[in-house]
*Asks:* 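Next up is a structure, given as C-alpha coordinates.
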Amino acid sequence: MVDPNRVKAFNEERLLDHQTHWGFLSESLNHKGIDVDKILNEIGDFQVAIPSWALGTGGTRFGRFPEGGEPSNLVDKIKDIGVLHTLNKSSGAVSLHIPWDIPKDYTAIKTLANELDIKFDAVNSNTFQDQSNNIHSYKFGSLSHIDAEVRKEAIQHNKEVINHGVELGSKALTVWLADGSSFAGQHNFRGAFQRTLDSLKEIYDHLPSDWKLLIEYKPYEPNFYSMVIPDWGTSHLLASKLGDQASTLVDLGHHLPNTNVEQIVSLLMHINKLGGFHFNDSKYGDDDLTVGGIKPYQLFLIFCELVQGMRETSNPELSWMIDASHNLKDPMEDLLQSVESIKIAYARALIVDYNLLKDAQAQNDVATSQSVLQDAFRTDVRPLVKEAIYQRGGALDSLAAYRDLNVRKKLIATRGLDSKSSGL
Ligand code: RM4
Ligand code: MN
Ligand code: MN
(Lines give C-alpha, C1' and ligand atoms only; values in the text may rest on other atoms or scores of the structure.)
(Ligands and ions follow the chains in the order given, each with its own letter.)
Protein backbone atom coordinates (compact mmCIF):
# COMPACT_ATOMS: atom_id res chain seq x y z
CA MET A 1 0.00 0.00 0.00
CA VAL A 2 1.03 3.58 -0.57
CA ASP A 3 2.45 5.57 2.31
CA PRO A 4 0.74 9.01 2.42
CA ASN A 5 4.10 10.52 3.38
CA ARG A 6 5.48 9.42 0.02
CA VAL A 7 2.59 11.26 -1.63
CA LYS A 8 3.47 14.36 0.37
CA ALA A 9 7.10 14.20 -0.70
CA PHE A 10 6.01 13.70 -4.29
CA ASN A 11 3.76 16.77 -4.08
CA GLU A 12 6.46 18.97 -2.56
CA GLU A 13 8.55 18.67 -5.69
CA ARG A 14 5.66 19.79 -7.87
CA LEU A 15 4.02 22.34 -5.65
CA LEU A 16 5.63 25.48 -7.02
CA ASP A 17 4.76 24.61 -10.57
CA HIS A 18 1.18 23.79 -9.58
CA GLN A 19 0.78 27.00 -7.63
CA THR A 20 1.80 29.07 -10.62
CA HIS A 21 -0.86 27.46 -12.81
CA TRP A 22 -3.49 27.43 -10.08
CA GLY A 23 -2.87 31.10 -9.23
CA PHE A 24 -3.55 32.11 -12.80
CA LEU A 25 -6.66 29.95 -13.20
CA SER A 26 -8.23 30.79 -9.84
CA GLU A 27 -7.80 34.49 -10.56
CA SER A 28 -9.48 34.24 -13.94
CA LEU A 29 -12.33 32.14 -12.51
CA ASN A 30 -12.82 34.66 -9.70
CA HIS A 31 -12.87 37.40 -12.27
CA LYS A 32 -15.74 35.63 -14.05
CA GLY A 33 -17.70 35.64 -10.79
CA ILE A 34 -17.29 31.91 -10.18
CA ASP A 35 -17.34 30.74 -6.56
CA VAL A 36 -14.04 28.86 -6.66
CA ASP A 37 -14.26 27.36 -3.15
CA LYS A 38 -17.68 25.93 -3.87
CA ILE A 39 -16.47 24.30 -7.06
CA LEU A 40 -13.37 22.95 -5.35
CA ASN A 41 -15.61 21.25 -2.81
CA GLU A 42 -17.91 19.80 -5.44
CA ILE A 43 -14.96 18.37 -7.34
CA GLY A 44 -13.34 17.07 -4.16
CA ASP A 45 -16.56 15.40 -2.98
CA PHE A 46 -17.13 13.59 -6.25
CA GLN A 47 -16.33 9.90 -5.81
CA VAL A 48 -16.45 7.30 -8.56
CA ALA A 49 -16.83 3.62 -7.70
CA ILE A 50 -14.29 1.15 -9.01
CA PRO A 51 -15.85 -2.16 -10.07
CA SER A 52 -14.25 -5.17 -8.48
CA TRP A 53 -13.56 -6.68 -11.92
CA ALA A 54 -11.62 -3.69 -13.21
CA LEU A 55 -8.42 -4.32 -11.23
CA GLY A 56 -7.40 -7.19 -13.49
CA THR A 57 -6.30 -7.00 -17.09
CA GLY A 58 -9.16 -7.17 -19.55
CA GLY A 59 -9.06 -8.96 -22.85
CA THR A 60 -10.81 -9.47 -26.11
CA ARG A 61 -12.23 -12.77 -27.31
CA PHE A 62 -8.88 -13.29 -29.03
CA GLY A 63 -6.50 -12.93 -26.17
CA ARG A 64 -5.46 -11.45 -22.86
CA PHE A 65 -2.06 -10.07 -21.92
CA PRO A 66 -1.79 -9.60 -18.15
CA GLU A 67 0.91 -7.44 -16.57
CA GLY A 68 1.31 -9.49 -13.41
CA GLY A 69 0.62 -8.66 -9.78
CA GLU A 70 -3.15 -8.87 -10.30
CA PRO A 71 -5.34 -9.12 -7.20
CA SER A 72 -6.65 -12.68 -7.05
CA ASN A 73 -9.17 -12.15 -4.27
CA LEU A 74 -11.51 -9.51 -2.96
CA VAL A 75 -9.18 -8.41 -0.15
CA ASP A 76 -6.41 -7.65 -2.64
CA LYS A 77 -8.85 -5.88 -4.95
CA ILE A 78 -9.97 -3.60 -2.16
CA LYS A 79 -6.34 -2.94 -1.27
CA ASP A 80 -5.71 -1.91 -4.88
CA ILE A 81 -8.65 0.47 -4.75
CA GLY A 82 -7.11 1.79 -1.53
CA VAL A 83 -3.95 2.60 -3.50
CA LEU A 84 -5.98 4.45 -6.13
CA HIS A 85 -7.91 6.34 -3.49
CA THR A 86 -4.77 7.33 -1.57
CA LEU A 87 -3.41 8.80 -4.79
CA ASN A 88 -6.49 10.52 -6.18
CA LYS A 89 -8.88 10.85 -3.20
CA SER A 90 -11.65 10.26 -5.71
CA SER A 91 -12.09 6.48 -5.84
CA GLY A 92 -13.63 6.01 -2.42
CA ALA A 93 -16.11 3.31 -3.44
CA VAL A 94 -16.20 -0.22 -4.79
CA SER A 95 -18.93 -1.85 -6.84
CA LEU A 96 -18.99 -5.61 -6.29
CA HIS A 97 -19.78 -8.11 -8.94
CA ILE A 98 -21.37 -11.35 -7.77
CA PRO A 99 -20.36 -14.14 -8.19
CA TRP A 100 -16.90 -13.03 -9.31
CA ASP A 101 -16.31 -11.41 -5.94
CA ILE A 102 -18.40 -13.01 -3.25
CA PRO A 103 -17.37 -11.66 0.15
CA LYS A 104 -16.41 -14.52 2.46
CA ASP A 105 -16.02 -12.62 5.70
CA TYR A 106 -18.24 -9.53 5.76
CA THR A 107 -16.75 -8.07 8.91
CA ALA A 108 -13.16 -8.40 7.71
CA ILE A 109 -14.00 -6.89 4.30
CA LYS A 110 -15.95 -4.06 5.88
CA THR A 111 -13.15 -3.29 8.33
CA LEU A 112 -10.56 -3.19 5.56
CA ALA A 113 -12.73 -0.98 3.36
CA ASN A 114 -13.43 1.32 6.27
CA GLU A 115 -9.71 1.67 7.04
CA LEU A 116 -9.14 2.67 3.43
CA ASP A 117 -12.13 5.05 3.38
CA ILE A 118 -13.91 2.95 0.76
CA LYS A 119 -17.71 2.60 0.62
CA PHE A 120 -19.77 -0.14 -0.98
CA ASP A 121 -21.70 1.22 -3.92
CA ALA A 122 -24.13 -0.74 -6.10
CA VAL A 123 -23.77 -4.52 -6.26
CA ASN A 124 -23.97 -6.16 -9.69
CA SER A 125 -25.62 -9.48 -10.47
CA ASN A 126 -24.50 -11.80 -13.25
CA THR A 127 -26.89 -13.97 -15.18
CA PHE A 128 -24.95 -13.61 -18.41
CA GLN A 129 -22.63 -16.53 -17.65
CA ASP A 130 -23.22 -20.02 -16.31
CA GLN A 131 -21.47 -20.63 -13.02
CA SER A 132 -20.21 -24.06 -11.99
CA ASN A 133 -22.97 -24.38 -9.38
CA ASN A 134 -25.79 -23.35 -11.73
CA ILE A 135 -28.58 -25.91 -11.97
CA HIS A 136 -29.87 -24.47 -15.25
CA SER A 137 -28.14 -22.75 -18.14
CA TYR A 138 -28.56 -19.11 -19.13
CA LYS A 139 -27.68 -19.93 -22.73
CA PHE A 140 -31.16 -18.87 -23.85
CA GLY A 141 -31.70 -16.11 -21.32
CA SER A 142 -32.21 -15.61 -17.62
CA LEU A 143 -34.95 -13.29 -16.32
CA SER A 144 -36.73 -13.55 -19.69
CA HIS A 145 -36.21 -17.30 -20.16
CA ILE A 146 -39.12 -19.30 -21.53
CA ASP A 147 -38.68 -21.88 -18.74
CA ALA A 148 -39.98 -20.74 -15.35
CA GLU A 149 -37.37 -22.86 -13.54
CA VAL A 150 -34.51 -20.96 -15.18
CA ARG A 151 -36.16 -17.64 -14.36
CA LYS A 152 -36.52 -18.79 -10.77
CA GLU A 153 -32.82 -19.53 -10.50
CA ALA A 154 -31.92 -16.13 -11.98
CA ILE A 155 -34.34 -14.35 -9.64
CA GLN A 156 -32.91 -16.22 -6.67
CA HIS A 157 -29.38 -15.19 -7.69
CA ASN A 158 -30.40 -11.52 -7.76
CA LYS A 159 -31.97 -11.85 -4.32
CA GLU A 160 -28.74 -13.36 -3.00
CA VAL A 161 -26.77 -10.48 -4.48
CA ILE A 162 -29.04 -8.06 -2.62
CA ASN A 163 -28.44 -10.03 0.59
CA HIS A 164 -24.65 -9.76 0.17
CA GLY A 165 -25.01 -6.05 -0.46
CA VAL A 166 -27.14 -5.56 2.64
CA GLU A 167 -24.38 -7.12 4.77
CA LEU A 168 -21.83 -4.68 3.36
CA GLY A 169 -23.91 -1.50 3.37
CA SER A 170 -24.65 -1.18 -0.35
CA LYS A 171 -27.83 0.58 -1.31
CA ALA A 172 -28.42 -0.49 -4.90
CA LEU A 173 -28.55 -3.49 -7.20
CA THR A 174 -27.53 -3.05 -10.83
CA VAL A 175 -29.03 -5.48 -13.29
CA TRP A 176 -27.58 -5.88 -16.75
CA LEU A 177 -29.21 -8.56 -18.85
CA ALA A 178 -27.57 -10.31 -21.76
CA ASP A 179 -31.00 -11.75 -22.64
CA GLY A 180 -32.08 -11.42 -26.22
CA SER A 181 -32.13 -13.26 -29.53
CA SER A 182 -29.63 -13.61 -32.30
CA PHE A 183 -32.01 -14.70 -35.02
CA ALA A 184 -35.30 -13.34 -36.27
CA GLY A 185 -38.12 -15.51 -35.05
CA GLN A 186 -36.16 -16.83 -32.07
CA HIS A 187 -38.14 -14.72 -29.57
CA ASN A 188 -41.61 -13.46 -29.08
CA PHE A 189 -40.77 -9.85 -28.16
CA ARG A 190 -43.85 -9.28 -26.02
CA GLY A 191 -43.45 -12.56 -24.20
CA ALA A 192 -39.78 -11.93 -23.44
CA PHE A 193 -40.53 -8.41 -22.17
CA GLN A 194 -43.41 -9.53 -19.97
CA ARG A 195 -41.42 -12.37 -18.41
CA THR A 196 -38.55 -9.95 -17.70
CA LEU A 197 -40.93 -7.51 -16.03
CA ASP A 198 -42.49 -10.27 -13.93
CA SER A 199 -39.05 -11.53 -12.85
CA LEU A 200 -37.87 -8.00 -12.02
CA LYS A 201 -41.00 -7.52 -9.91
CA GLU A 202 -39.98 -10.42 -7.70
CA ILE A 203 -36.48 -8.98 -7.32
CA TYR A 204 -37.91 -5.52 -6.66
CA ASP A 205 -40.11 -6.95 -3.90
CA HIS A 206 -36.97 -8.27 -2.21
CA LEU A 207 -35.32 -4.82 -2.09
CA PRO A 208 -34.96 -3.17 1.31
CA SER A 209 -36.97 0.06 1.41
CA ASP A 210 -33.86 2.27 1.19
CA TRP A 211 -32.46 0.41 -1.85
CA LYS A 212 -32.59 1.18 -5.55
CA LEU A 213 -32.85 -1.14 -8.53
CA LEU A 214 -30.79 0.18 -11.45
CA ILE A 215 -31.64 -1.22 -14.86
CA GLU A 216 -29.02 -1.14 -17.60
CA TYR A 217 -29.78 -1.31 -21.30
CA LYS A 218 -27.71 -2.23 -24.32
CA PRO A 219 -28.69 -2.38 -28.01
CA TYR A 220 -26.69 -5.44 -29.02
CA GLU A 221 -24.11 -7.97 -27.80
CA PRO A 222 -24.01 -10.75 -26.83
CA ASN A 223 -27.24 -11.07 -28.80
CA PHE A 224 -27.22 -9.53 -32.24
CA TYR A 225 -30.81 -9.51 -33.45
CA SER A 226 -32.64 -8.21 -30.38
CA MET A 227 -31.87 -7.49 -26.77
CA VAL A 228 -34.70 -7.69 -24.25
CA ILE A 229 -33.67 -4.30 -22.80
CA PRO A 230 -32.10 -2.58 -25.82
CA ASP A 231 -32.56 1.08 -24.97
CA TRP A 232 -33.37 3.65 -22.34
CA GLY A 233 -37.04 3.65 -23.34
CA THR A 234 -37.40 -0.02 -22.49
CA SER A 235 -35.36 0.36 -19.31
CA HIS A 236 -37.55 3.28 -18.28
CA LEU A 237 -40.72 1.39 -19.13
CA LEU A 238 -39.64 -1.40 -16.80
CA ALA A 239 -38.53 1.03 -14.08
CA SER A 240 -41.75 2.99 -14.21
CA LYS A 241 -43.85 -0.17 -14.00
CA LEU A 242 -41.79 -1.42 -11.05
CA GLY A 243 -42.04 1.70 -8.90
CA ASP A 244 -40.15 4.56 -7.29
CA GLN A 245 -37.14 2.50 -6.25
CA ALA A 246 -36.35 1.47 -9.81
CA SER A 247 -34.55 3.68 -12.31
CA THR A 248 -32.43 3.60 -15.43
CA LEU A 249 -28.67 3.25 -15.50
CA VAL A 250 -26.80 4.76 -18.44
CA ASP A 251 -23.64 3.00 -19.55
CA LEU A 252 -21.85 5.26 -22.04
CA GLY A 253 -20.84 2.37 -24.29
CA HIS A 254 -24.34 0.95 -24.55
CA HIS A 255 -25.61 3.07 -27.43
CA LEU A 256 -25.62 2.87 -31.18
CA PRO A 257 -23.02 5.19 -32.77
CA ASN A 258 -23.87 8.91 -32.60
CA THR A 259 -26.70 8.55 -30.10
CA ASN A 260 -27.27 11.81 -28.22
CA VAL A 261 -26.50 10.49 -24.75
CA GLU A 262 -26.63 13.94 -23.13
CA GLN A 263 -30.26 14.29 -24.19
CA ILE A 264 -31.09 10.92 -22.62
CA VAL A 265 -29.42 12.05 -19.39
CA SER A 266 -31.30 15.32 -19.40
CA LEU A 267 -34.73 13.77 -19.91
CA LEU A 268 -34.24 10.96 -17.40
CA MET A 269 -33.20 13.49 -14.75
CA HIS A 270 -36.20 15.65 -15.64
CA ILE A 271 -38.49 12.80 -14.57
CA ASN A 272 -36.23 11.80 -11.62
CA LYS A 273 -35.45 8.44 -13.16
CA LEU A 274 -31.71 8.48 -13.75
CA GLY A 275 -30.21 6.09 -11.21
CA GLY A 276 -26.63 5.58 -12.19
CA PHE A 277 -23.86 5.95 -14.64
CA HIS A 278 -21.19 3.65 -16.07
CA PHE A 279 -18.22 5.49 -17.54
CA ASN A 280 -16.17 4.32 -20.50
CA ASP A 281 -15.54 5.49 -24.03
CA SER A 282 -16.05 3.95 -27.43
CA LYS A 283 -15.44 4.39 -31.10
CA TYR A 284 -17.74 1.70 -32.43
CA GLY A 285 -19.75 -0.14 -29.77
CA ASP A 286 -19.30 -1.34 -26.23
CA ASP A 287 -15.54 -0.85 -26.63
CA ASP A 288 -14.99 -0.17 -22.92
CA LEU A 289 -12.09 2.20 -23.61
CA THR A 290 -10.82 4.79 -21.15
CA VAL A 291 -13.49 7.39 -20.49
CA GLY A 292 -12.70 10.68 -22.25
CA GLY A 293 -10.08 8.96 -24.40
CA ILE A 294 -12.02 9.25 -27.65
CA LYS A 295 -14.89 11.72 -27.21
CA PRO A 296 -14.04 14.21 -24.48
CA TYR A 297 -16.48 16.82 -25.84
CA GLN A 298 -19.39 14.39 -25.56
CA LEU A 299 -18.34 13.59 -22.00
CA PHE A 300 -18.32 17.30 -21.20
CA LEU A 301 -21.79 17.80 -22.75
CA ILE A 302 -23.10 14.90 -20.68
CA PHE A 303 -21.64 16.48 -17.55
CA CYS A 304 -23.31 19.79 -18.43
CA GLU A 305 -26.66 17.96 -18.33
CA LEU A 306 -25.70 16.14 -15.13
CA VAL A 307 -24.70 19.39 -13.42
CA GLN A 308 -27.89 21.17 -14.51
CA GLY A 309 -29.95 18.11 -13.57
CA MET A 310 -28.34 17.94 -10.13
CA ARG A 311 -29.07 21.64 -9.57
CA GLU A 312 -32.50 21.93 -11.10
CA THR A 313 -34.31 18.60 -10.72
CA SER A 314 -35.19 16.35 -7.80
CA ASN A 315 -33.43 13.38 -9.37
CA PRO A 316 -31.96 11.30 -6.52
CA GLU A 317 -28.21 10.96 -6.03
CA LEU A 318 -26.54 8.85 -8.69
CA SER A 319 -24.31 5.81 -8.45
CA TRP A 320 -21.16 6.57 -10.46
CA MET A 321 -18.97 3.73 -11.65
CA ILE A 322 -16.16 3.15 -14.12
CA ASP A 323 -17.02 0.27 -16.41
CA ALA A 324 -14.10 -0.19 -18.75
CA SER A 325 -11.81 -2.98 -19.80
CA HIS A 326 -8.08 -2.41 -19.64
CA ASN A 327 -6.53 -4.50 -22.35
CA LEU A 328 -3.36 -2.63 -23.17
CA LYS A 329 -2.67 -0.57 -20.08
CA ASP A 330 -1.91 -1.42 -16.51
CA PRO A 331 -5.49 -1.51 -15.11
CA MET A 332 -4.60 0.79 -12.22
CA GLU A 333 -3.03 3.35 -14.53
CA ASP A 334 -6.10 3.21 -16.71
CA LEU A 335 -8.35 3.71 -13.70
CA LEU A 336 -6.33 6.72 -12.54
CA GLN A 337 -6.61 8.23 -16.01
CA SER A 338 -10.34 7.47 -16.08
CA VAL A 339 -11.04 9.20 -12.80
CA GLU A 340 -8.97 12.19 -13.85
CA SER A 341 -10.88 12.43 -17.13
CA ILE A 342 -14.20 12.31 -15.32
CA LYS A 343 -13.16 15.05 -12.93
CA ILE A 344 -11.89 17.24 -15.76
CA ALA A 345 -15.22 16.91 -17.57
CA TYR A 346 -17.09 17.62 -14.34
CA ALA A 347 -14.92 20.67 -13.58
CA ARG A 348 -15.47 22.06 -17.06
CA ALA A 349 -19.21 21.58 -16.68
CA LEU A 350 -19.13 23.35 -13.32
CA ILE A 351 -17.62 26.51 -14.78
CA VAL A 352 -20.21 26.90 -17.56
CA ASP A 353 -22.15 30.14 -17.25
CA TYR A 354 -25.62 28.59 -17.28
CA ASN A 355 -27.38 31.94 -16.79
CA LEU A 356 -25.75 33.29 -19.91
CA LEU A 357 -26.60 30.06 -21.69
CA LYS A 358 -30.27 30.32 -20.72
CA ASP A 359 -30.42 33.96 -21.85
CA ALA A 360 -28.87 33.04 -25.17
CA GLN A 361 -31.30 30.14 -25.57
CA ALA A 362 -34.24 32.43 -24.77
CA GLN A 363 -33.18 34.78 -27.53
CA ASN A 364 -32.43 32.01 -30.02
CA ASP A 365 -28.87 33.27 -30.07
CA VAL A 366 -27.34 30.09 -31.36
CA ALA A 367 -23.79 31.38 -31.73
CA THR A 368 -23.63 32.59 -28.11
CA SER A 369 -25.16 29.33 -26.82
CA GLN A 370 -22.42 27.38 -28.50
CA SER A 371 -19.70 29.80 -27.36
CA VAL A 372 -20.78 29.62 -23.74
CA LEU A 373 -20.27 25.87 -23.72
CA GLN A 374 -17.07 25.96 -25.70
CA ASP A 375 -15.58 28.67 -23.55
CA ALA A 376 -15.77 26.29 -20.59
CA PHE A 377 -14.63 23.30 -22.59
CA ARG A 378 -11.60 25.16 -23.88
CA THR A 379 -10.52 26.25 -20.43
CA ASP A 380 -7.62 24.22 -19.07
CA VAL A 381 -9.18 23.16 -15.76
CA ARG A 382 -6.44 20.74 -14.79
CA PRO A 383 -5.05 23.02 -12.05
CA LEU A 384 -8.58 23.19 -10.59
CA VAL A 385 -8.88 19.41 -10.45
CA LYS A 386 -5.34 19.09 -9.09
CA GLU A 387 -6.02 21.67 -6.39
CA ALA A 388 -9.27 19.90 -5.34
CA ILE A 389 -7.43 16.59 -5.04
CA TYR A 390 -4.41 18.17 -3.36
CA GLN A 391 -6.61 19.81 -0.73
CA ARG A 392 -7.95 16.35 0.16
CA GLY A 393 -4.42 14.96 0.52
CA GLY A 394 -4.10 13.31 -2.88
CA ALA A 395 -1.25 13.48 -5.37
CA LEU A 396 -0.84 16.42 -7.74
CA ASP A 397 -0.37 13.93 -10.55
CA SER A 398 -1.76 10.52 -9.60
CA LEU A 399 -0.41 8.63 -12.58
CA ALA A 400 3.12 10.01 -12.20
CA ALA A 401 3.00 9.27 -8.46
CA TYR A 402 1.87 5.70 -9.15
CA ARG A 403 4.87 5.23 -11.41
CA ASP A 404 7.23 7.04 -9.08
CA LEU A 405 6.24 4.79 -6.21
CA ASN A 406 6.75 1.66 -8.32
CA VAL A 407 3.38 0.27 -7.30
CA ARG A 408 3.09 -2.36 -10.05
CA LYS A 409 6.63 -3.59 -9.47
CA LYS A 410 5.87 -4.07 -5.79
CA LEU A 411 2.60 -5.86 -6.53
CA ILE A 412 4.38 -8.25 -8.88
CA ALA A 413 7.01 -8.87 -6.19
CA THR A 414 4.37 -9.82 -3.61
CA ARG A 415 1.72 -11.49 -5.76
CA GLY A 416 3.81 -12.89 -8.57
CA LEU A 417 3.62 -12.56 -12.34
CA ASP A 418 0.93 -15.19 -12.73
CA SER A 419 -1.67 -14.11 -10.20
CA LYS A 420 -5.00 -13.84 -11.98
CA SER A 421 -7.99 -11.71 -11.21
CA SER A 422 -11.55 -13.05 -11.36
CA GLY A 423 -13.76 -11.46 -13.98
CA LEU A 424 -14.44 -11.70 -17.66
C1 RM4 B 1 -21.79 -5.38 -19.37
C2 RM4 B 1 -22.40 -4.25 -18.57
C3 RM4 B 1 -22.34 -4.45 -17.09
C4 RM4 B 1 -21.07 -5.09 -16.62
C5 RM4 B 1 -20.64 -6.23 -17.50
C6 RM4 B 1 -19.30 -6.79 -17.06
O7 RM4 B 1 -21.58 -4.99 -20.72
O8 RM4 B 1 -21.79 -3.04 -18.92
O9 RM4 B 1 -22.53 -3.24 -16.43
O10 RM4 B 1 -21.35 -5.58 -15.33
O11 RM4 B 1 -20.57 -5.80 -18.83
MN1 MN C 1 -22.10 -1.34 -17.56
MN1 MN D 1 -20.85 -2.81 -21.07
Side-chain angles (χ1 to χ4, degrees), residues 48-61 64 77 93-102 120-131 138 141-143 154 157-158 161-162 164-165 170 172-180 203 212-224 227-232 234-235 238-239 247-257 259 261 264-265 268 274-291 293-294 299 302 318-327 331 334-335 338 342 421-424:
V48 191
I50 305 294
S52 56
W53 64 91
L55 283 318
T57 313
T60 68
R61 60 203 168 99
R64 188 170 172 266
K77 288 180 181 188
V94 55
S95 193
L96 286 197
H97 186 289
I98 312 288
W100 293 339
D101 291 297
I102 297 182
F120 291 91
D121 210 313
V123 279
N124 304 265
S125 59
N126 176 345
T127 58
F128 51 87
Q129 288 175 321
D130 285 342
Q131 308 302 328
Y138 297 136
S142 58
L143 296 183
H157 164 69
N158 276 278
V161 175
I162 295 172
H164 286 303
S170 290
L173 167 72
T174 300
V175 173
W176 173 69
L177 289 187
D179 295 33
I203 297 166
K212 290 192 287 184
L213 175 63
L214 310 177
I215 306 171
E216 250 183 288
Y217 56 90
K218 184 170 171 176
Y220 68 92
E221 197 202 18
N223 281 292
F224 292 98
M227 292 287 276
V228 174
I229 313 179
D231 50 30
W232 72 283
T234 314
S235 162
L238 292 164
S247 51
T248 296
L249 184 143
V250 173
D251 180 315
L252 282 176
H254 291 191
H255 301 92
L256 296 174
T259 299
V261 183
I264 297 173
V265 167
L268 282 172
L274 181 62
F277 224 89
H278 283 181
F279 292 105
N280 49 58
D281 210 340
S282 67
K283 180 81 179 154
Y284 303 105
D286 192 20
D287 306 347
D288 281 339
L289 300 172
T290 318
V291 56
I294 308 272
L299 185 65
I302 290 169
L318 299 171
S319 290
W320 312 101
M321 190 191 93
I322 291 170
D323 192 6
S325 176
H326 327 284
N327 304 339
D334 205 358
L335 288 164
S338 300
I342 291 167
S421 186
S422 52
L424 275 174

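Position 1 is the first residue of the sequence; numbering continues from there. All ligand and atom numbering here is 1-based and tracks the order in the structure.
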*Asks:* Less than 4.0 Å is my threshold; does some heavy atom of Lys218 fall inside it relative to ligand 1?
*Replies:* yes
*Asks:* What is the name of the N/O/S atom in Asp286 that sits closest to the Mn ion (ligand 3)?
*Replies:* OD2
*Asks:* Output yes when a side-chain donor or acceptor of Asn327 lies under 3.5 Å from a complementary backbone atom of Gly59, and no otherwise.
*Replies:* yes
*Asks:* Could you list which atoms of ligand 1 come closer than 4.0 Å to a heavy atom of Asp286?
*Replies:* 7 (O)
*Asks:* Under 4.0 Å from any heavy atom of Asp323, which atoms of ligand 1 are there?
*Replies:* 2 (C), 3 (C), 4 (C), 8 (O), 9 (O)
*Asks:* Looking only at atom types and distance, does a side-chain atom of Asp281 sit under 3.5 Å from a main-chain N or O of Ile294, one as donor and one as acceptor?
*Replies:* yes
*Asks:* Give the name of the N/O/S atom in Glu216 that lies closest to the Mn ion (ligand 2).
*Replies:* OE2
*Asks:* For His254, take its heavy atoms, then give the atoms of ligand 1 lying under 4.0 Å from any of them.
*Replies:* 2 (C), 7 (O), 8 (O)
*Asks:* What's the atom name of the N, O or S in Asp323 nearest to the Mn ion (ligand 2)?
*Replies:* OD2
*Asks:* Counting each atom of ligand 1 from 1 as listed, which ones have a heavy atom of Asp251 under 4.0 Å away?
*Replies:* 8 (O)
*Asks:* Any idea which atoms of ligand 1 are less than 4.0 Å away from a heavy-atom of His278?
*Replies:* 9 (O)
*Asks:* Using side-chain heavy atoms (C-beta onward) and a distance below 4.5 Å, is Leu256 in contact with Asp231?
*Replies:* no
*Asks:* Scan His255, His278, His254 and name whichever one has a ring pair (Phe, Tyr, Trp, His ring centres under 6.0 Å) with Tyr217.
*Replies:* His255
*Asks:* Are any of the N/O atoms in His97 less than 3.5 Å from those in ligand 1?
*Replies:* no
*Asks:* Which of the atoms in ligand 1, numbered in the order shown and given with their element, are less than 4.0 Å from a heavy-atom of Trp53?
*Replies:* 4 (C), 10 (O)
*Asks:* Among the N, O or S atoms that Asp251 has, which is closest to the Mn ion (ligand 2)?
*Replies:* OD2
*Asks:* Please give the atom name: the N, O or S atom of His278 nearest to the Mn ion (ligand 2).
*Replies:* ND1
